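Here the structure comes first, spelled out in structure tokens, and everything after it is commentary.
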Amino acid sequence: QVQLVESGGGLVQAGDSLRLSCAASGLTFDQHAMGWFRQSPGKAREFVATISYNGRSAYYADSVKGRFTISRDNAKNSVYLQMNNLKPEDTAVYYCVGEGYSSGGALYDDPSLYGYWGQGTQVTVFS
């Protein structure tokens with residue numbers, strides 16, 4: 001059974017940084033692209049970032065480009081999201097996601113392509 005467990009969320013001031021972690025089990029981790037989505041109350045689910053199976057390519061939403069960095073450590077079956085210069089607009093539950101099928105290195109922001117989802121971790125940014 002595939003499990004994705006997020007950690008690292010919290011309450012921070014605008015301009016501060018957080019590092020989210022996602023520990024994966026039950027899948028061949030180095031064969032799947034991984035990513036992050038987020039959702040705030042009253043808002044639609046939003047793509048944040050994704051990274052290829054080998055960590056060589058990454059793709060970001062325009063709203064976080066230049067501030068967030070996604071990375072992975074296949075030896076640890078983990079994916080990370082370094083969030084810098086956080087803004088109140090970043091407040092959301094952040095979900096770790098795993099690609100359902102191998103894309104051969106291609107990256108997508110379509111949530112239907114990610115078959116595995118974690119339970120989420122809350123990030124709250126105050127001004």
Side-chain angles (χ1 to χ4, degrees):
Q1 183 179 21
V2 173
Q3 290 184 269
L4 303 176
V5 181
E6 303 95 334
S7 62
L11 176 67
V12 298
Q13 188 174 24
D16 287 352
S17 298
L18 279 175
R19 181 179 171 88
L20 304 184
S21 298
C22 173
S25 61
L27 79 167
T28 308
F29 185 76
D30 62 0
Q31 299 293 325
H32 296 262
M34 303 293 294
W36 296 88
F37 283 76
R38 66 187 183 187
Q39 187 165 29
S40 300
K43 297 182 179 180
R45 182 173 52 191
E46 180 185 23
F47 167 77
V48 177
T50 185
I51 187 167
S52 62
Y53 69 97
N54 59 7
R56 296 294 299 272
S57 300
Y59 173 59
Y60 300 90
D62 288 343
S63 59
V64 307
K65 194 175 301 180
R67 299 188 297 119
F68 290 11
T69 302
I70 188 171
S71 61
R72 66 190 297 160
D73 186 340
N74 286 351
K76 297 182 178 180
N77 286 355
S78 296
V79 61
Y80 310 97
L81 186 68
Q82 178 66 45
M83 304 184 294
N84 296 330
N85 191 25
L86 282 161
K87 303 176 180 180
E89 301 95 297
D90 296 318
T91 295
V93 176
Y94 283 71
Y95 297 93
C96 178
V97 299
E99 183 184 45
Y101 302 94
S102 176
S103 64
L107 300 175
Y108 305 94
D109 60 7
D110 184 351
S112 69
L113 297 178
Y114 298 93
Y116 309 109
W117 293 70
Q119 293 297 305
T121 185
Q122 176 71 48
V123 172
T124 302
V125 184
F126 65 92
S127 59

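Predicted, not measured: the structure shown is a model, and the values here were computed from it. The figures that follow rest on heavy atoms only: side chains count, while hydrogens, waters and symmetry mates do not.
Looking only at side-chain heavy atoms (C-beta outward), Q31 and Y53 stay at 4.5 Å or farther from each other. Looking only at side-chain heavy atoms (C-beta outward), L20 and M83 come within less than 4.5 Å of each other. Side-chain contact between T50 and Y108 is absent, with no heavy atoms from C-beta onward closer than 4.5 Å. Between I70 and R72 there is no side-chain heavy-atom pair separated by less than 4.5 Å. A heavy-atom distance below 4.5 Å is found between the side chains of R45 and P111. Contact annotation: the side chain of S63 approaches that of R38 to within less than 4.5 Å [non-hydrogen atoms, C-beta and beyond]. Side-chain contact between T91 and Q122 is present, with heavy atoms from C-beta onward closer than 4.5 Å.
Cluster annotation: Y80 is not connected to L27 through the hydrophobic network of ILVMFWY side chains, with a link wherever side-chain heavy atoms come within less than 4.5 Å. V12 is connected to V64 through a chain of hydrophobic side-chain contacts under 4.5 Å among Ile, Leu, Val, Met, Phe, Trp and Tyr, so both are in one cluster. Residues Y95 and L81 do not share a hydrophobic cluster, clusters being chains of Ile/Leu/Val/Met/Phe/Trp/Tyr side chains in contact below 4.5 Å. One hydrophobic cluster holds both L4 and Y94 under the rule that ILVMFWY side chains link at heavy-atom gaps under 4.5 Å. Under a hydrophobic clustering in which Ile, Leu, Val, Met, Phe, Trp and Tyr are joined whenever their side-chain heavy atoms come within less than 4.5 Å, directly or via other members, V79 and V123 fall into the same cluster.
Taking CD1 from I51 and CZ from R56, the interatomic distance works out to 11.0 Å, rounded to the nearest 0.5 Å. We find the CG-CD distance between L86 and Q13 to be 11.0 Å, quoted to the nearest 0.5 Å. We find the CE-CG distance between M34 and L107 to be 13.0 Å, quoted to the nearest 0.5 Å.
For the residue pair A14 and S127, the shortest heavy atom distance occurs at CB-CA, 4.2 Å. Scanning both residues, K43 and Q39, for their nearest heavy atoms gives O-NE2, 3.2 Å. Taking every heavy atom of both residues into account, A61 and F47 meet most closely at CB-O, 3.4 Å. Taking every heavy atom of both residues into account, F29 and A24 meet most closely at CD1-CB, 3.6 Å.
A salt bridge links D62 to K65: at least one charged side-chain nitrogen sits closer than 4.0 Å to a carboxylate oxygen.
Considering Y59, Y60, Y114 as possible partners of D109, the one that fulfils the side-chain contact (heavy atoms from CB on, under 4.5 Å) test is Y59.
Taking the six-membered ring for Trp and thresholds of 30 and 60 degrees, W117 and F37 have ring planes inclined between 30 and 60 degrees apart.
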